[in-house]
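Letters go in sequence order (proteins before strands), and every chain restarts at 1.
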There are 2 protein chains.
Amino acid sequence: MSDAAPDLRVERKPKLSETVVAAIRRQLQAGEILPGHKLPTEGQLTETFGVSRTVIREALAKLAADGLVEPRQGAGVFVTEHISTVFGALAADMGAKDSVALNVLEVRLAVEIESAGLAAIRRNAAQEAAIQEAFFEFERLLLDSQPTGPADLAFHRAIASATNNPFYVEMLDVLGRRAIPCDVTSPWSTELVQSDDYQRGLQREHLVILNAITAGDAEAAREAMRAHLGASQQRYRERLQARQAYYANSVKAAAGE
Amino acid sequence: MSDAAPDLRVERKPKLSETVVAAIRRQLQAGEILPGHKLPTEGQLTETFGVSRTVIREALAKLAADGLVEPRQGAGVFVTEHISTVFGALAADMGAKDSVALNVLEVRLAVEIESAGLAAIRRNAAQEAAIQEAFFEFERLLLDSQPTGPADLAFHRAIASATNNPFYVEMLDVLGRRAIPCDVTSPWSTELVQSDDYQRGLQREHLVILNAITAGDAEAAREAMRAHLGASQQRYRERLQARQAYYANSVKAAAGE
DNA sequence: CGTTCAAAAGTCATCATACAACAATCCAAT
DNA sequence: ATTGGATTGTTGTATGATGACTTTTGAACG
């Protein structure tokens, strides 16, 4: 035995219960079943998913372990009040204003900084591999001059995931979707986001983070992430000003002559 | 709305799988089975614990969900290379629900640390006064031997408010309601929370934070807040362990003699 | 002797069924 | 109208069987 060649490849076939977990997770996140309400019974889920009750139960156990649902014997399985729901409602009303977006980005900054520190300490081999994978994916896309947004997001998610605290991931999902400036597809952002310089800069900062995490240095990881997101914040602010100036000119142009 | 009374009281009867999870966790923590090695087969565990294979599988699924073990079809269930650190040992000692609370507390930690740093930079005079006010209120209540919980909360809220980013406050409200250990009304917490030593310790830590903020030193404020909440986390963890020991004894007493 | 390959044994993954424990509901008797 | 028990729905646990995958064994072959 010994060198069993851990084989970091992550292609293993998904267990049935995992697919069920993913499906139910999606439904919960989409708000198809509201907090406090009851899930379909195990029997019903058995039918809808076409798997045995064993698999359903395993999936529910996993969801319960993450605190998403709470089974009560004799009554049913209920959706717990969850952070994301609160923030979902909270974040719903703030897509409009950019100053708000900046504030949210700032909260995300707090979460991600700590996230990086924890990841440096707690990551396991597979999680570290996932982070590196996202990093190299970014690199590859950059060389191909393809949009790097998804890889950037994957990088951050991998780090959040490496904290082994599911709430960090959830938090990032909720905050990120609204505040991540990297993958917004707006007319004024494309030319900036797609510039090579910009993306090279991002990747440089990513590298520092990655190194700190692989080195297991929490303090350095936090600092690197702080620098990265601080810079992002700054870039976003500049872009905002540029946009405002643009609009101001438009208005002036439209009014003046 | 609602206040459906999440009711952190933990009086529910433990499921069989949970006792099995606890037992195996203990063994793992004690190092009776080393990382990389194989656990007894499901059949063997069935015999040693005197429960059905269903229960064993559910327990293993839970352990796998926490990343402590990794089942490989056809081969066996193996102990994962430990995510070094406290976390493994930490997660090893507690039931699912408690770990959820701790995870939320951890997110709150991230938010509050950054919050302190921003408060140190951005606070205005009135906000600084509000923080001090909460601090002295705590002091006063302490001398009067009155419950200090509200003042503690006010202190943290004042800091969040001093960031001038309303989302930090909302964040704290949402997270705090779930994870603040100060105001839980459980039999085992009262004597601890109300002890003068405990509260004196809190206040000492508060003072360090306050000084850093008034000095405008963001770095120091963050460090102080990190120390404060880290200590809180530690205290919470200890209380959980005490509680579990309590339950273990109850069970032993009820069963043994 | 060393290598290769197929069969066999061991083990987890899933399925199907049944019963026990508990909770919510309904209904009759008071 | 209230109480109390019976009924039903749901989760918790037990049991047995089958499929899929991994490891080991051992024989055949060079």
To the nearest angstrom, the CZ-P distance between A:R53 and D:dT11 comes to 7 Å
Whole-Å distance between C:dC12 C1' and B:Q44 CD?
13 Å
Considering residues, nucleotides and ligands other than B:R157, do more than 12 of their heavy atoms fall under 6.0 Å from its CZ?
no
Among C:dT14, D:dT11, C:dA13, which nucleotide sits nearest the side chain of A:E42?
D:dT11
Taking C-beta and beyond as the side chain, do A:V79 and A:L68 meet within less than 4.5 Å on heavy atoms?
no
About how many Å separate CD of A:E112 and NE2 of A:H228, when rounded to the nearest 0.5 Å?
7.5 Å
Could you give the CZ-to-C1' distance, from A:F78 to C:dC22, as a whole number of Å?
13 Å
Distance check needed: D:dT10 C1' versus A:Q73 CD, whole Å only.
9 Å
In this structure, how many angstroms lie between the C1' atom of D:dG12 and the CG atom of A:L60, rounded?
13 Å
Of the listed D:dG12, D:dT13, C:dA23, the closest approach to the A:P71 side chain comes from D:dG12
Is any side-chain nitrogen or oxygen of A:S52 closer than 4.0 Å to OP1 or OP2 of C:dC15?
yes
Closer to the 5' end of DNA chain C via nearest nucleotide, is it A:V51 or B:G74?
B:G74
CD of B:E70 versus C1' of D:dC21: gap in Å, rounded?
15 Å
B:T41 near the nucleic acid: base, sugar-phosphate alone, or nothing, with a heavy-atom cut-off under 4.0 Å?
sugar-phosphate
Upstream residue (5' side of DNA chain C) when B:K38 and A:E58 are each assigned their closest nucleotide:
B:K38
For A:L16, report the nucleic acid contact type (base, sugar-phosphate, nothing); a contact means any heavy atom under 4.0 Å.
sugar-phosphate
Salt bridge or not between B:E106 and A:R122? Use side-chain N to carboxylate O under 4.0 Å.
yes
Nucleotide of D:dT11, C:dT14, D:dG19 approaching A:V77 most closely (side-chain heavy atoms)
D:dT11
Ignoring backbone atoms, establish whether A:R72 has a side-chain N or O less than 4.0 Å from OP1 or OP2 of D:dT10.
no
Would you please indicate yes or no on a ring centroid separation below 6.0 angstrom for A:H206 and A:F155?
yes
Quick one: is A:R57 getting a side-chain N or O under 4.0 Å of the D:dG12 phosphate, OP1 or OP2?
yes
Round to the nearest Å and state the distance from B:E47 atom CD to D:dT15 atom C1'.
14 Å
